[in-house]
Participant: 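Got a structure for you, written out below as C-alpha cells; questions coming shortly.
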Amino acid sequence: MSNTHAQGTVANTITQKLTEGFSPTHLEVINESNRHHVPPNSETHFKVVLVSEQFDGLRLLARHRLVNTHLAHELANGVHALSIHTFTQSEWDANAQVPNTPNCRG
C-alpha cells in the first residue's frame, strides 16, 4: 500500500481509519487545505484516493457512503471538504488516474 501525502494529526487519523476499515492496496490522503482560504497548516480540505477490493460490486454512491461513515467524526469536527476517489483493484490497474482538484472558487 502506498501513502505518500499524509501529514498532520487529521491526515494521520484519516489514513489510520481508512487503512483499518478498507485494507487498501493503495491509499493517498492529500491535504489540499493550502489551496483554499484557510490559515497556514490547516487540515480542512482533503483528497482521498482509495483502492480496495471491498468496493467490488458497489456503485460509486455506496462507496462514498462507506468512506463518509468511517470518517463521520472528522467530517463533523473540522474537515470542511473531502474529495473521494474510490477504485477496485481491477479499476485501478486498468486506469490509475485521478482527476486534478479544481482551484478554489472562494
Participant: Nearest 0.5 Å, please: how far is OG in Ser52 from CG in Leu58?
Facilitator: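 Answer rounded to 0.5 Å: 9.5 Å.
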Participant: Rounded to the nearest 0.5 Å, what separates atom CD1 in Ile14 from atom OG1 in Thr19?
Facilitator: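 If I round to the nearest 0.5 Å, the distance is 11.5 Å.
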Participant: Starting from the C-alpha separation in whole Å, work towards a yes-or-no answer on side chain to side chain contact (heavy atoms under 4.5 Å, CB included) for Thr86 and Val51.
Facilitator: CA-CA 6 Å; Thr86 56; Val51 180; over 6 Å; no
Participant: How close do Val29 and Ala11 get, heavy atom to heavy atom, and via which atoms?
Facilitator: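 Taking every non-hydrogen atom into account, CG1-O, 4.0 Å.
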Participant: Considering non-hydrogen atoms only, spot the tightest contact between Leu27 and Thr15 and give its length.
Facilitator: CD2-O, 3.8 Å
Participant: Which residue pairs satisfy the side-chain hydrogen bond (donor to acceptor under 3.5 Å, both in side chains) criterion with at least one member in residues 54-63, sequence neighbours excluded?
Facilitator: Arg63-Glu91
Participant: Atom CD in Glu74, atom CG in Leu71: separation rounded to 0.5 Å?
Facilitator: 5.5 Å
Participant: Just jot down the side-chain hydrogen bond (donor to acceptor under 3.5 Å, both in side chains) partners of Thr69, sequence neighbours excluded, or say none.
Facilitator: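 Partners of Thr69 under the side-chain hydrogen bond (donor to acceptor under 3.5 Å, both in side chains) test: none.
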Participant: What is the distance from atom NZ of Lys47 to atom CG of Leu82, rounded to the nearest 0.5 Å?
Facilitator: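 If I round to the nearest 0.5 Å, the distance is 11.5 Å.
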Participant: For Phe22, give me all partners under ring pair (Phe, Tyr, Trp, His ring centres under 6.0 Å), at least two apart in sequence or on another chain.
Facilitator: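 With sequence neighbours excluded, Phe22 shows a ring pair (Phe, Tyr, Trp, His ring centres under 6.0 Å) to Phe55, His70, given in chain and number order.
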Participant: My understanding is that only residues two or more places apart in sequence, or in another chain, count here; which of them pass side-chain hydrogen bond (donor to acceptor under 3.5 Å, both in side chains) with Asn77?
Facilitator: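 With sequence neighbours excluded, Asn77 shows a side-chain hydrogen bond (donor to acceptor under 3.5 Å, both in side chains) to His73, given in chain and number order.
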Participant: Between Ile30 and Phe46, is the side chain to side chain contact (heavy atoms under 4.5 Å, CB included) condition met? List the steps.
Facilitator: CA-CA 5 Å; Ile30 305 163; Phe46 289 90; over 6 Å; no
Participant: Can you sort out the partners of Asp93 under side chain to side chain contact (heavy atoms under 4.5 Å, CB included), two or more places apart, ordered by chain and number?
Facilitator: Gln89
Participant: Hey, could you give me each pair passing salt bridge (charged side-chain N to carboxylate O under 4.0 Å, His left out) that has a residue in residues 77-90? Not counting sequence neighbours.
Facilitator: none
